[in-house]
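Structure record follows, encoded as C-alpha cells.
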Amino acid sequence: MHDEFLCHVTGYGVCDGRRIGVPLGTYRAPTLALALWWLRDRASWIAERLDPGPDTPYVPSGALMPVADTVPDVPGILRSWCADPVRQELVADELAGGRLVRIAAGDETTEYELLAESVDALRMQRTIPALLLPMA
C-alpha cells in the first residue's frame, strides 16, 4: 500500500503557437483519502470558476450566457467525475497500486489536467535505473 501521494493540477493552453502549462496547485497528500479529496476539491473549484451558477453573488447580472451543445462541457465533465463513486474507486485502486492517475477535460482553448501519483512509486522509479547499472 502506498502511503503518500503527490497531486498536481495544471491548465494548458496555446500561446504564441506553443502549448503552455500553468500550474494551478500542488498538494502532497499524506493519505489516499486526502489525495482523492484534494483532486475532487480542485475539480469542483475549476468547474465552479468556469461555470458559476446564475445566482452567484460575484457574477454581474447578464454576464453568463449559454454555449452551444457542440462545445465540450468541461465543468460538467469535472462535476460528473467528482460525483461518480465508481470512478472514484477506480482512481483509488490505481493510486493504491502505485500507478499514475490522470484526469483531464478540455475544450477548444484549454485543457485542465489533474494528476496524482504515489511518492513511494516515484522513489522506486528513481532508484531502479541506478540498481541496474553494470559494475565495472
Side-chain angles (χ1 to χ4, degrees):
M1 176 69 174
H2 297 266
D3 296 329
E4 194 174 16
F5 303 89
L6 195 54
C7 308
H8 304 281
V9 176
T10 307
Y12 293 96
V14 177
C15 180
D16 203 21
R18 295 185 330 205
R19 181 177 158 106
I20 303 293
V22 177
L24 301 175
T26 298
Y27 177 57
R28 191 171 181 140
T31 66
L32 178 59
L34 285 174
L36 291 170
W37 170 84
W38 190 83
L39 291 171
R40 281 190 306 270
D41 181 69
R42 293 294 85 196
S44 296
W45 178 80
I46 292 167
E48 181 59 29
R49 270 127 194 97
L50 293 175
D51 185 22
D55 56 345
T56 304
Y58 61 83
V59 177
S61 178
L64 299 177
M65 297 178 57
V67 296
D69 290 339
T70 58
V71 175
D73 182 12
V74 172
I77 293 167
L78 294 173
R79 286 181 178 120
S80 172
W81 179 80
C82 290
D84 188 334
V86 172
R87 290 195 285 177
Q88 296 298 312
E89 190 65 31
L90 289 172
V91 167
D93 290 345
E94 291 295 308
L95 287 173
R99 291 176 291 281
L100 172 72
V101 171
R102 179 179 185 263
I103 298 119
D107 56 24
E108 301 84 23
T109 63
T110 310
E111 179 183 49
Y112 297 92
E113 175 184 76
L114 297 100
L115 290 176
E117 57 191 326
S118 163
V119 172
D120 293 334
L122 286 170
R123 287 182 184 139
M124 290 176 359
Q125 288 172 4
R126 288 186 184 130
T127 58
I128 287 174
L131 295 174
L132 298 178
L133 292 176
M135 300 301 283

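We count residues from 1, following the sequence as given. It should be emphasised that the depicted structure is a prediction, and the values quoted were computed from it without experimental measurement. Side-chain atoms are counted along with the backbone in the values below, which use heavy atoms only and exclude waters and symmetry mates.
Annotation: side chain of Val91 is in contact with side chain of Trp81 (closest heavy-atom distance under 4.5 Å). Between Arg28 and Val119 the shortest side-chain heavy-atom distance falls below 4.5 Å.
Note that OG1 of Thr110 and CG of Leu50 are 8.0 Å apart. Values are rounded to the nearest 0.5 Å. To the nearest 0.5 angstrom, Thr31 atom OG1 is 9.5 Å from Asp3 atom CG.
Take Glu94 and apply the side-chain contact (heavy atoms from CB on, under 4.5 Å) test, not counting sequence neighbours, and it matches Arg99, Val101. Scanning for salt bridge (Lys or Arg N to Asp or Glu O under 4.0 Å) contacts around Asp107 gives an empty result, with sequence neighbours left out. Looking at residues two or more places apart in sequence or on another chain, you find no side-chain contact (heavy atoms from CB on, under 4.5 Å) involving Ala83. Applying the side-chain contact (heavy atoms from CB on, under 4.5 Å) rule to Ser44 yields the partners Cys82; only residues at least two apart in sequence or on another chain are considered. Partners of Asp84 under the salt bridge (Lys or Arg N to Asp or Glu O under 4.0 Å) rule, at least two apart in sequence or in another chain, are Arg87. Residues satisfying the side-chain contact (heavy atoms from CB on, under 4.5 Å) criterion with Thr26, sequence neighbours excluded, are Leu6, His8.
Among Val74, Ile77, Ile103, the one residue that satisfies the side chain to side chain contact (heavy atoms under 4.5 Å, CB included) test with Tyr112 is Val74.
Shown here for Ser118 and Gly98, the closest heavy-atom pair between the two residues is CB-CA, 4.2 Å. Here the shortest heavy-atom pairing between Ala43 and Leu114 reads N-CD2, 3.9 Å. For the residue pair Cys7 and Leu39, the shortest heavy atom distance occurs at CB-CD2, 4.3 Å. Annotation for Ala92 and Leu36: closest pair CB-CD1, 3.7 Å, computed over non-hydrogen atoms.
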Assess whether side-chain contact (heavy atoms from CB on, under 4.5 Å) is satisfied between Val22 and Thr10, documenting all intermediate values. CA-CA 6 Å; Val22 177; Thr10 307; 5.6 Å; no
Go through it in stages, so that I can follow the logic: the residues are Leu95 and Phe5, the test is side-chain contact (heavy atoms from CB on, under 4.5 Å), and I'd like the CA-CA distance, side-chain angles, deciding distance and then a yes or no. CA-CA 8 Å; Leu95 287 173; Phe5 303 89; 3.9 Å; yes
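Note on residues 12-43: pairs passing ring-ring contact (aromatic ring centres under 6.0 Å, His included), not counting sequence neighbours, are Tyr27-Trp38. For residues 15-24, every residue pair satisfying the side chain to side chain donor-acceptor pair (under 3.5 Å) rule, not counting sequence neighbours, is listed here: Arg19-Glu111. Sorted by first and then second residue, the salt bridge (charged side-chain N to carboxylate O under 4.0 Å, His left out) pairs with a member in residues 36-49 read Glu48-Arg79; sequence neighbours excluded.
Members clustered with Val67: Val71, by chain and number, using a 4.5 Å side-chain heavy-atom cutoff among hydrophobic residues. Summarising the hydrophobic clusters (Ile, Leu, Val, Met, Phe, Trp, Tyr; side-chain heavy atoms under 4.5 Å, direct or chained), the residues clustered with Leu115 are Leu100.
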